[in-house]
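First up is the structure itself, then whatever we jot down about it.
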2 protein chains.
Amino acid sequence: MSRTKDKNPIPSVWTREQRRTDQPALSRDAIVREAIAMLDAEGIEALSMRKLGARLNAGATSLYRHVATKDELMELAVDEVAAEIHVPRAGGPDWRAAVTEAAGSFRTTALRHPWLTLVLGQAGLAYLGPNYMNFSERLAALFTAAGFPEPSRAIDAVFSYVIGMSTTEAAWLTTVARSGESESEFVARLLPAAQRASAGYDHLAAAGPETSAQASDPAKLRDDKFAYGLEVVLDGLALRLPK
Amino acid sequence: MSRTKDKNPIPSVWTREQRRTDQPALSRDAIVREAIAMLDAEGIEALSMRKLGARLNAGATSLYRHVATKDELMELAVDEVAAEIHVPRAGGPDWRAAVTEAAGSFRTTALRHPWLTLVLGQAGLAYLGPNYMNFSERLAALFTAAGFPEPSRAIDAVFSYVIGMSTTEAAWLTTVARSGESESEFVARLLPAAQRASAGYDHLAAAGPETSAQASDPAKLRDDKFAYGLEVVLDGLALRLPK
DNA sequence: CCGCCATGCGTACAGTGTGCGCATCGAAGG
DNA sequence: CCTTCGATGCGCACACTGTACGCATGGCGG
């Protein structure tokens with residue numbers, strides 16, 4: 001498991017373990033990849049430099065040869081997963097379909113890596129990696145080709161919505177995952193508490209979609225909710241397209 | 001400063017310091033209030049139980065008599081600032097103005113407490129305090145009175161946008177604050193780097209609003225951007241109002 | 001063959017959240 | 001008035017964090 005961790009009683013050149021060069025060498029890319037794997041599997045608060053080092057058969061401080069700081073590592077991880085977001089090429093016949101595709105791709109990426117939105121909220125988009133730049137560029141191309149006179153405002157409108165919804169969903173899914181139950185089970189178990197909590201709040205009780213019937217497929221419900229809001233935003237934007 | 005911290009060479013009943021009852025006693029409310037003050041002043045990562053205790057002339061672990069865990073303290077802090085969000089009473093003649101008011105109030109609250117969105121992203125809205133419940137109830141009343149057949153979907157659409165934009169803005173303002181400069185200075189200093197970064201990205205360079213002229217009043221630019229996106233969403237929602 | 005330099009790592013430091021048990025208080029009951 | 005008790009504060013300790021520092025090691029260019 002470890003290279004020199006098993007304390008050798010007689011330190012000597014001859015008994016010393018050989019450096020294992022068959023293992024994939026430590027490299028920035030390998031570190032980032034493994035970090036993402038840990039983040040996806042165990043959540044953002046479970047990632048520590050020591051555990052990450054252990055996973056790579058390395059000491060914690062060895063990582064600092066390839067990465068300046070943990071924050072920098074997180075930025076690299078964010079940019080890495082940003083490559084997974086698919087934005088259709090600009091100039092297609094149906095800009096709404098293209099934007100819907102891009103928005104959906106952002107959402108599924110954010111839900112696949114529920115720590116993404118947390119880091120975005122902390123770091124902002126201050127330092128921009130190449131993949132994120134590409135993502136932005138393709139979006140700008142898409143909205144420009146669609147004919148928006150102020151593409152950046154349109155982009156901000158759509159993706160503020162997308163980020164907001166994805167953040168909320170990711171937080172919810174994280175809570176569900178921590179419960180160890182499936183989403184349906186979790187919802188079913190929380191239903192009585194939720195109804196008790198909204199007793200006395202007339203409009204909340206009436207407006208909430210918390211009926212046991214709909215709790216049977218919560219994922220679809222989330223999909224629909226996201227699609228609905230996205231249509232709302234796109235409708236509003238369509239009104240601003242010069243005709 | 002401290003009660004018993006100055007080590008007394010001769011421990012005795014007579015030399016022991018008296019408990020100071022003139023100081024406001026430790027209480028859950030006092031703890032939450034002081035925590036919010038620290039969070040606002042020094043940011044989320046500067047808040048530790050030890051520092052918070054010191055501010056209240058108390059030891060770190062004393063706080064645990066009134067608060068189960070740091071996470072619980074953060075939930076209490078969130079619910080406390082939720083009371084600052086103003087949602088107009090339902091039934092007014094102009095639902096758009098009312099929603100705009102509520103959305104703007106959420107935004108200013110989130111920017112006044114830039115840690116709010118971070119905690120929301122982490123905890124989700126799983127455990128709901130009374131102030132947050134009130135906020136939701138008033139929103140439900142507002143949208144129901146406006147005539148939306150599915151008020152919760154409309155609320156989600158609007159506030160996903162609001163949360164997304166506020167999160168991004170809060171992260172930006174935090175970055176600016178850490179620089180020690182004013183927002184205008186910060187923008188001016190970053191301008192050349194930003195332009196260099198977007199060289200080679202045609203549409204980005206063309207779409208970006210990063211002209212030095214507009215950098216003179218970045219706060220107003222943000223206000224306008226928020227208002228623009230909100231109008232987009234409200235326009236989209238208006239199409240769904242039964243006539 | 002020598003020397004250099006990038007890489008790995010052991011140690012250490014300052015800090016974190018929080019469990020545990022003791023000291024101390026104000027109030028209640030005899 | 002004295003005793004007892006429950007609530008409150010706190011010192012200590014533990015396991016854990018990010019990361020600065022300096023040493024050991026190996027492969028590589030001269």
Side-chain angles (χ1 to χ4, degrees), chain A residues 1-8 11-31 34-35 38-39 42-77 122, chain B residues 1-8 11-31 34-35 38-39 42-77 122:
Chain A
M1 180 68 69
S2 77
R3 236 196 297 288
T4 57
K5 214 172 290 178
D6 341 276
K7 283 256 180 291
N8 198 306
S12 145
V13 200
W14 310 111
T15 58
R16 175 170 31 78
E17 296 185 33
Q18 288 305 110
R19 186 165 295 194
R20 306 170 49 180
T21 49
D22 51 331
Q23 282 298 101
L26 217 47
S27 79
R28 169 179 283 213
D29 280 348
I31 292 173
E34 198 65 32
M38 280 195 69
L39 286 166
E42 317 193 35
I44 199 171
E45 76 284 354
L47 178 70
S48 80
M49 299 303 273
R50 277 174 244 262
K51 288 183 202 158
L52 180 56
R55 274 224 196 190
L56 292 160
N57 284 354
T61 59
S62 306
L63 307 174
Y64 285 90
R65 293 285 169 189
H66 307 267
V67 151
T69 203
K70 194 192 181 184
D71 284 355
E72 181 183 302
L73 172 59
M74 296 304 284
E75 283 183 32
L76 291 170
Q122 237 160 29
Chain B
M1 180 71 70
S2 77
R3 233 194 302 285
T4 57
K5 216 172 290 178
D6 341 277
K7 284 254 181 290
N8 200 308
S12 142
V13 201
W14 311 111
T15 57
R16 173 168 35 79
E17 298 186 34
Q18 287 306 110
R19 185 163 296 194
R20 306 172 48 181
T21 48
D22 50 332
Q23 282 298 101
L26 216 46
S27 79
R28 168 178 284 210
D29 280 348
I31 292 174
E34 198 65 32
M38 281 194 69
L39 286 166
E42 317 191 38
I44 198 171
E45 76 285 353
L47 178 68
S48 80
M49 299 303 273
R50 277 174 242 264
K51 288 183 201 156
L52 180 56
R55 274 223 194 190
L56 292 159
N57 283 356
T61 58
S62 305
L63 308 175
Y64 285 90
R65 294 283 171 189
H66 306 267
V67 152
T69 202
K70 194 191 182 188
D71 284 356
E72 181 183 303
L73 172 60
M74 296 304 282
E75 283 183 33
L76 291 171
Q122 239 162 26

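Rounding to the nearest 0.5 Å places CD1 of A/I44 at 4.0 Å from CE of A/M74. A/E75 CD to A/T69 OG1: the interatomic distance, rounded to the nearest 0.5 Å, is 9.5 Å. Atoms CG and CG, on A/L47 and A/L52 in that order, are 5.5 Å from each other to the nearest 0.5 Å. The line from CZ of B/R28 to CG of B/L63 is 12.0 Å long, rounded to the nearest 0.5 Å.
Of all heavy-atom pairs spanning A/V67 and A/E72, the tightest one is CA-OE2, 3.9 Å.
Applying the 4.0 Å criterion to OP1 and OP2 of C/dT16, one finds that B/K51 has a side-chain N or O inside that range.
Judged by distance alone with a 3.5 Å cut-off, no donor-acceptor contact links the side chain of B/R50 to the base of C/dG15. Side-chain to base pairing of A/T61 with D/dG18: no donor and acceptor N or O lie closer than 3.5 Å to each other.
Under the side-chain hydrogen bond (donor to acceptor under 3.5 Å, both in side chains) criterion, A/R55 pairs with A/E34, A/E42, not counting sequence neighbours.
A 4.5 Å side-chain heavy-atom check between A/L26 and A/H66 finds at least one atom pair inside the cut-off.
One atom, CE of B/M49, and another, C1' of C/dG19, lie 13 Å apart when rounded to the nearest Å. The CE atom of B/M74 sits 17 Å away from the C1' atom of C/dT18 (whole-angstrom rounding). Whole-Å rounding puts the A/I31 CD1 to C/dT7 P distance at 11 Å. The CG atom of B/L52 sits 13 Å away from the P atom of D/dG9 (whole-angstrom rounding). Protein atom CG of B/L56 is 10 Å distant from nucleotide atom P of D/dC10, rounded to whole Å. Put simply, CD1 on A/I44 is 15 Å from C1' on D/dT17, counting in whole angstrom units.
Backbone-only contact: B/L47 has heavy atoms under 4.0 Å from sugar-phosphate atoms and none from a base. Within the 4.0 angstrom heavy-atom criterion, only backbone atoms of the sugar-phosphate kind lie near A/S48; the bases stay farther away.
Near DNA chain C, meaning a heavy atom under 4.0 Å away, the residues from residues 63-72 of chain A are A/R65, A/H66.
Residue order along DNA chain D, read from the 5' end via each residue's closest nucleotide, puts B/S62 first among B/S62 and A/A46.
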